**Student:** 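Just dropping this structure here.
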Amino acid sequence: MSELRFDVKDFNPEHIFESGQCFRWTREADQSYTGIASGRIVNLRFEPKSPEGGVIILDNALSTDQAFWFNYFDLGTDYGQIKSRLSGQDKVVAKAIEAGAGMRILRQDPWETLVSFILSANNNIPRIKKCVEALALNFGREAGTYRGRTYHNLPTWEVLADLSEEDLACCRLGYRAKYLIATAKEIRARGIDTLEDCIHGLSGVGPKVANCILLFSLARLHRFPIDVWVRKVMHQLYGFDEKDTKGMTEFADRTFGPYAGVAQQYLFYYMRTMNQ
DNA sequence: TCGCAGGTGGTCG
DNA sequence: CGACCACCTGCG
């Protein structure tokens, strides 16, 4: 284990980790974040060097995982360019970008993302985190120990597919447990490779969850998930009727084009931070 | 007690 | 289609 460093621009851990796209990163007392992704336990701290950039320091990372983390944090994408493009297209988003200037869209593991967002339905972020952790602790393989804490992976679909709702009762997932089991069985039958094709048919995966998976794990940056917060933004700041999902989607496509999903992420974070 | 939380699935018209 | 509405659970 060693330390990995990345010089980056447009990076702010709080904007990235507190924007509801991931559920397994925890803020430490020193403002760093510890998390687990694809079985890798790591602590991230960020040292700003200039107004735009700084250095990411990953503790407990393997040197052979440099490519993994580069991809995970989408470091190959120029968010400065995306931001200036979006800002030029829309005043509201320009404001939201100021508030969340260090936002990035992660490239998470598709299965972990699928599980997390099935659990997100009609749920709140603290409890989604609890559900994910309970699932990992009770049914996932141990991934290792770091700074006195033991971490577990999420269970694979092979494991979940053979569990019953009763088995999962200890995780307090509520009615989402049966979605999870049904989806695990479906993935076992079809395989994860076809996820993008079959995603819409999966149990517990409606349009919102499907868009989240495509955006937060498969880098489909044009996907525009509409949750209660984005709905609130679209209503309050753009004047849409709260129920007009179709109108919001068409507006996002038309206005933000290939980066509608990135715009959504700034708007989501903006709305959440405004409402505190 | 009740509404709400990063919605989905089932049932109607 | 579109409009309802039930739904596990924990919190304020």
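Protein chains get the first letters and strands the later ones, always in sequence-line order, with residue 1 at the start of each. Remember, it's a predicted structure, so these values are computed and weren't measured experimentally.
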**Student:** Select base, sugar-phosphate, or nothing to describe what A:Thr245 touches, counting heavy atoms under 4.0 Å on all strands.
**Tutor:** nothing

**Student:** My understanding is that only one of A:Glu28, A:Glu18, A:Glu14 makes a side-chain hydrogen bond (donor to acceptor under 3.5 Å, both in side chains) with A:Tyr33; could you say which?
**Tutor:** A:Glu18

**Student:** Pairing donors with acceptors under 3.5 angstrom, does anything connect the side chains of A:Asn123 and A:Ser120?
**Tutor:** no

**Student:** NA contact type, A:Val205, heavy-atom cut-off 4.0 Å: base, sugar-phosphate, or nothing?
**Tutor:** sugar-phosphate

**Student:** Taking the six-membered ring for Trp, are the ring centroids of A:Phe6 and A:Phe73 within less than 6.0 Å of each other?
**Tutor:** no

**Student:** Side chains of residues 251-262 of chain A: which donor-acceptor pairs under 3.5 Å do they make with residues two or more places apart or in other chains?
**Tutor:**
unit_1, atom_1, unit_2, atom_2, d
A:Thr255, OG1, A:Phe251, O, 2.8

**Student:** Please report the distance, rounded to the nearest Å, between CG in A:Asn122 and P in C:dG10.
**Tutor:** 14 Å

**Student:** Hey, does A:Glu165 reach any base, or is it just sugar-phosphate, or nothing, if we go heavy atoms under 4.0 Å?
**Tutor:** nothing

**Student:** Using a cut-off of 4.0 Å on non-hydrogen atoms, how would the nucleic acid contact of A:Pro225 be classed: base, sugar-phosphate, or nothing?
**Tutor:** base

**Student:** Look at all strands and tell whether A:Gly20 reaches a base, only sugar-phosphate, or nothing, counting heavy atoms closer than 4.0 Å.
**Tutor:** base

**Student:** Determine, for A:Lys129 against A:Glu133, whether the closest basic-nitrogen to carboxylate-oxygen distance falls under 4.0 angstrom.
**Tutor:** no

**Student:** Under a plain distance cut-off of 3.5 Å, with no hydrogens placed, do A:Thr150 and A:Thr145 share a side-chain donor-acceptor pair?
**Tutor:** yes

**Student:** Looking only at non-hydrogen atoms, find the nearest pair between A:Ile118 and A:Val209 and report the distance.
**Tutor:** N-CG1, 4.2 Å

**Student:** Do you know which two heavy atoms are closest between A:Ser38 and A:Asn153, and how far apart they sit?
**Tutor:** C-OD1, 4.3 Å

**Student:** Round to a whole Å and report the spacing from NZ of A:Lys129 to P of C:dG10.
**Tutor:** 18 Å

**Student:** Could you check whether A:Leu202 gets within reach of a base, just the sugar-phosphate, or nothing at all, counting any heavy atom under 4.0 Å?
**Tutor:** sugar-phosphate

**Student:** Report the distance from atom CZ of A:Arg176 to atom P of C:dT9, rounded to the nearest whole Å.
**Tutor:** 9 Å

**Student:** Measure CD1/A:Ile125 against P/C:dC11 and give the value in whole Å, please.
**Tutor:** 16 Å

**Student:** Hey, which sits more toward the 5' end of DNA chain B by its nearest nucleotide, A:Gln264 or A:Tyr179?
**Tutor:** A:Gln264

**Student:** Taking C:dC8 as the reference, what is the distance to B:dT11 when you measure between their P atoms (whole Å, please)?
**Tutor:** 15 Å

**Student:** Indicate yes or no: does A:Asp30 engage A:Arg45 in a salt bridge with an N to O separation below 4.0 Å.
**Tutor:** no

**Student:** Using atom CG of A:Leu119 as one end and atom C1' of C:dT9 as the other, report the distance to the nearest whole Å.
**Tutor:** 12 Å

**Student:** Under a cut-off of 3.5 Å for both distances of each Watson-Crick or G-U pair, what dot-bracket string does DNA chain C give, using [ ] for crossing pairs and | for inter-strand pairs?
**Tutor:** |||||||.||||

**Student:** Which whole-number value in Å describes the distance from A:Asp244 CG to C:dC1 P?
**Tutor:** 16 Å

**Student:** Quick check: on DNA chain B, is the nucleotide nearest A:Gly204 upstream (toward 5') of the one nearest A:Gln21, or the reverse? Name the residue that is more 5'.
**Tutor:** A:Gln21

**Student:** Considering every strand and a 4.0 Å limit on heavy-atom distances, what is the contact class for A:Gly206: base, sugar-phosphate, or nothing?
**Tutor:** sugar-phosphate

**Student:** Please check if the side chain of A:Ser217 supplies one atom and the backbone of A:Asp109 the other of a donor-acceptor pair under 3.5 Å.
**Tutor:** no

**Student:** Examine C:dG10: is either OP1 or OP2 under 4.0 Å from a nitrogen or oxygen in the side chain of A:Arg172? Give yes or no.
**Tutor:** yes

**Student:** Anything under 4.0 Å to a heavy atom of chain A counts; send over the first and last such nucleotide of DNA chain B, read 5' to 3'.
**Tutor:** B:dA5 to B:dG9

**Student:** Taking any heavy-atom pair under 4.0 Å as a contact, classify A:Phe117: base, sugar-phosphate, or nothing.
**Tutor:** nothing

**Student:** Looking only at atom P, what distance separates B:dC2 and C:dA6, rounded to whole Å?
**Tutor:** 14 Å

**Student:** Is there a side-chain contact between A:Lys130 and the phosphate of C:dC11, meaning an N or O under 4.0 Å from OP1 or OP2?
**Tutor:** yes

**Student:** Taking NZ from A:Lys243 and P from C:dC5, how many angstroms apart are they, rounded to a whole number?
**Tutor:** 12 Å

**Student:** Could you give the distance separating B:dG6 and C:dG2 at their P atoms, to the nearest angstrom?
**Tutor:** 26 Å

**Student:** Hey, which sits more toward the 5' end of DNA chain C by its nearest nucleotide, A:Lys246 or A:Asn123?
**Tutor:** A:Lys246

**Student:** Test your reading of the model: is there a side-chain donor-acceptor pair from A:Ser19 to the backbone of A:Ile16, 3.5 Å cut-off?
**Tutor:** yes

